[in-house]
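Just so you know, these numbers use all the heavy atoms, side chains as well, and skip hydrogens, waters and symmetry mates. Treat the numbers as computed from the prediction; the structure is a model and nothing was measured.
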Amino acid sequence: MTPARYQKIVDVLNRRQPDLTVITDQVNKGQNLSAIIRTCDAVGIHRVHAVYDKGRFRPHTGTSMGSQKWVKTTVHREIETPIVQLQQQGFQVLAAHFDERAVDYRQVDYTRPTALLLGAEKIGVSTEASAKVDGSVVVPMMGMAESFNVSVACAIILAEAQRQREAAGLYEQCRIDAEEYRHVLFEWCQPVLARFCRQRDIPYPALDDTGHLREPQAFSELIRQPKAPFSHP
């Protein structure tokens with residue numbers, strides 16, 4: 001861990017936006033998923049929600065350029081679950097979808113807690129999702145195509161969200177709570193040790209201000225103890 005690498009991690013984590021997120025509704029093409037995740041990382045999104053009634057989350061590593069390591073993903077089986085959970089937390093959930101409620105994506109206030117919902121490649125936003133969201137946004141089209149690719153639409157809309165949030169100063173101070181910050185910082189700085197700790201079901205040790213273990217000798221003594229029961233993958 002070089003000083004420059006540690007500072008880059010800290011700077012990125014300090015700009016993460018816990019009240020801006022994306023919900024993918026049955027988006028199943030790996031390249032689209034990966035492009036969405038890459039965009040989310042670029043605009044400072046901390047966590048995304050992926051919904052599949054079957055199958056699993058499979059981003060395409062070549063397209064994401066490793067961004068899946070920096071953006072947390074929560075997988076749900078039913079679309080209602082993340083929508084309702086986020087609404088209960090005060091989020092406005094907006095579908096990228098053309099219907100009678102749809103407004104130009106630039107007319108939305110993205111400085112509010114916001115979740116952007118993106119539909120599947122062929123069928124778009126599901127009927128179940130459309131009935132639950134708070135509104136819809138569209139990107140105006142000037143050609144024969146009826147819509148942008150889902151990952152392109154995501155990038156266009158989130159670029160506007162980033163512009164508004166930057167103007168409002170929301171990237172200027174850390175907005176993640178202290179415990180989550182400590183947890184994520186350890187996983188980003190020490191991914192191998194983080195995996196080891198999860199396998200042993202032991203708390204992450206403290207880091208110093210360079211991203212290294214504050215008390216490496218104490219941690220070495222801890223790991224020499226008999227292995228605790230396995231509890232996490």
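Remark: Leu193 CG to His212 NE2 distance equals 10.5 Å, nearest 0.5 Å. Distance check: Ser151 OG to Lys29 NZ gives 10.5 Å after rounding to the nearest 0.5 Å. In this structure, OG1 on Thr39 lies 11.0 Å from CD1 on Ile157, to the nearest 0.5 angstrom. Tyr6 OH to Asp208 CG: the interatomic distance, rounded to the nearest 0.5 Å, is 7.5 Å. Note that CD of Gln190 and CZ of Phe196 are 13.0 Å apart. Values are rounded to the nearest 0.5 Å. Rounding to the nearest 0.5 angstrom, the gap separating the NE2 atom in His97 from the OG atom in Ser136 is 5.5 Å.
Residues passing the ring pair (Phe, Tyr, Trp, His ring centres under 6.0 Å) test with Phe186, sequence neighbours excluded: Tyr204. In this view, Gln173 satisfies the side chain to side chain contact (heavy atoms under 4.5 Å, CB included) rule with no residue, not counting sequence neighbours. Judged as a salt bridge (Lys or Arg N to Asp or Glu O under 4.0 Å), and not counting sequence neighbours, the contacts of Arg165 are Asp19.
The local environment of CD in Gln89 is crowded, with over 12 non-hydrogen atoms from other residues, nucleotides or ligands closer than 6.0 Å. Heavy atoms of other residues, nucleotides or ligands lying less than 6.0 angstrom from CZ of Arg5 number 12 at most. More than 12 heavy atoms of other residues, nucleotides or ligands shown are found within 6.0 angstrom of OH on Tyr181. The number of heavy atoms from other shown groups lying within 6.0 Å of CD (Glu78) does not exceed 12.
With Asp41 contributing its side chain and Gly44 its backbone, the two residues share no donor-acceptor pair below 3.5 Å. Although no hydrogens or angles enter the test, the distance criterion places a donor-acceptor pair under 3.5 Å between the side chain of Gln87 and the main chain of Lys132. Between the side chain of Gln26 and the backbone N or O of Thr24 there is no donor-acceptor pair closer than 3.5 Å. Asp134 contributes a side-chain N or O that, together with a main-chain N or O of Val93, makes up a donor-acceptor pair within less than 3.5 Å. Judged by distance alone, the side chain of Ser130 and the main-chain N or O of Ser126 form no donor-acceptor pair under 3.5 Å. Judged by distance alone, with hydrogens and angles left aside, the side-chain atoms of Tyr52 form a donor-acceptor pair with the main-chain N or O of Val27 at under 3.5 Å.
Judged by distance alone, the side chains of Gln92 and Thr114 do bring a donor and an acceptor atom under 3.5 Å apart. A donor-acceptor contact closer than 3.5 angstrom is absent between the side chains of Asn14 and Tyr171. Of the N and O atoms on the side chains of His76 and Gln85, not one donor lies less than 3.5 Å from an acceptor on the other residue. Residues Thr74 and Arg47 bring a donor and an acceptor atom of their side chains to less than 3.5 Å of each other. His183 and Glu179 form no side-chain donor-acceptor contact under 3.5 Å, judged by distance and modelled atom types alone.
A salt bridge does not link Glu180 with Arg16: every distance from a Lys NZ or Arg NE/NH1/NH2 to an Asp or Glu carboxylate oxygen is 4.0 Å or more.
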Would you sort out whether Glu187 and Lys72 count as a salt bridge (Lys or Arg N to Asp or Glu O under 4.0 Å), showing the intermediate values?
-> CA-CA 11 Å; Glu187 292 182 339; Lys72 292 179 176 293; 3.4 Å; yes
Pair His46-Thr21, side-chain contact (heavy atoms from CB on, under 4.5 Å): steps then yes or no | CA-CA 7 Å; His46 185 55; Thr21 189; over 6 Å; no
Is there a salt bridge (Lys or Arg N to Asp or Glu O under 4.0 Å) between Glu160 and Arg163 once you walk through the steps?
-> CA-CA 5 Å; Glu160 172 63 13; Arg163 184 193 69 79; 2.8 Å; yes
Should Asp104 and Val137 be marked as a side-chain contact (heavy atoms from CB on, under 4.5 Å) after you check the CA-CA gap, both sets of side-chain angles, and the distance that decides it?
-> CA-CA 6 Å; Asp104 187 304; Val137 296; over 6 Å; no
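Minimum interatomic distance between Ala115 and Leu86 (heavy atoms only, all atoms of both residues): CB-CD1, 3.8 Å. Of all the heavy atoms in Phe219 and Pro205, the pair that sits closest is CD1-CG, 3.7 Å. Considering all non-hydrogen atoms of both residues, Gly119 and Val150 come closest at O-CG2, 3.7 Å.
A continuous path of ILVMFWY side-chain contacts below 4.5 Å connects Val22 to Tyr105, so both sit in one hydrophobic cluster. Hydrophobic clustering of Ile, Leu, Val, Met, Phe, Trp and Tyr side chains at less than 4.5 Å, counting indirect connections, unites Leu207 with Leu13. Placement of Ile156 and Leu33 within a single hydrophobic cluster is found when ILVMFWY residues are connected by side-chain heavy-atom separations under 4.5 Å, directly or transitively. Residues Ile45 and Leu94 share a single hydrophobic cluster, defined by chaining ILVMFWY side chains whose heavy atoms lie under 4.5 Å apart. When hydrophobic clusters are built by joining Ile, Leu, Val, Met, Phe, Trp and Tyr residues whose side-chain heavy atoms come closer than 4.5 Å, directly or via intermediates, Leu116 is grouped together with Leu20.
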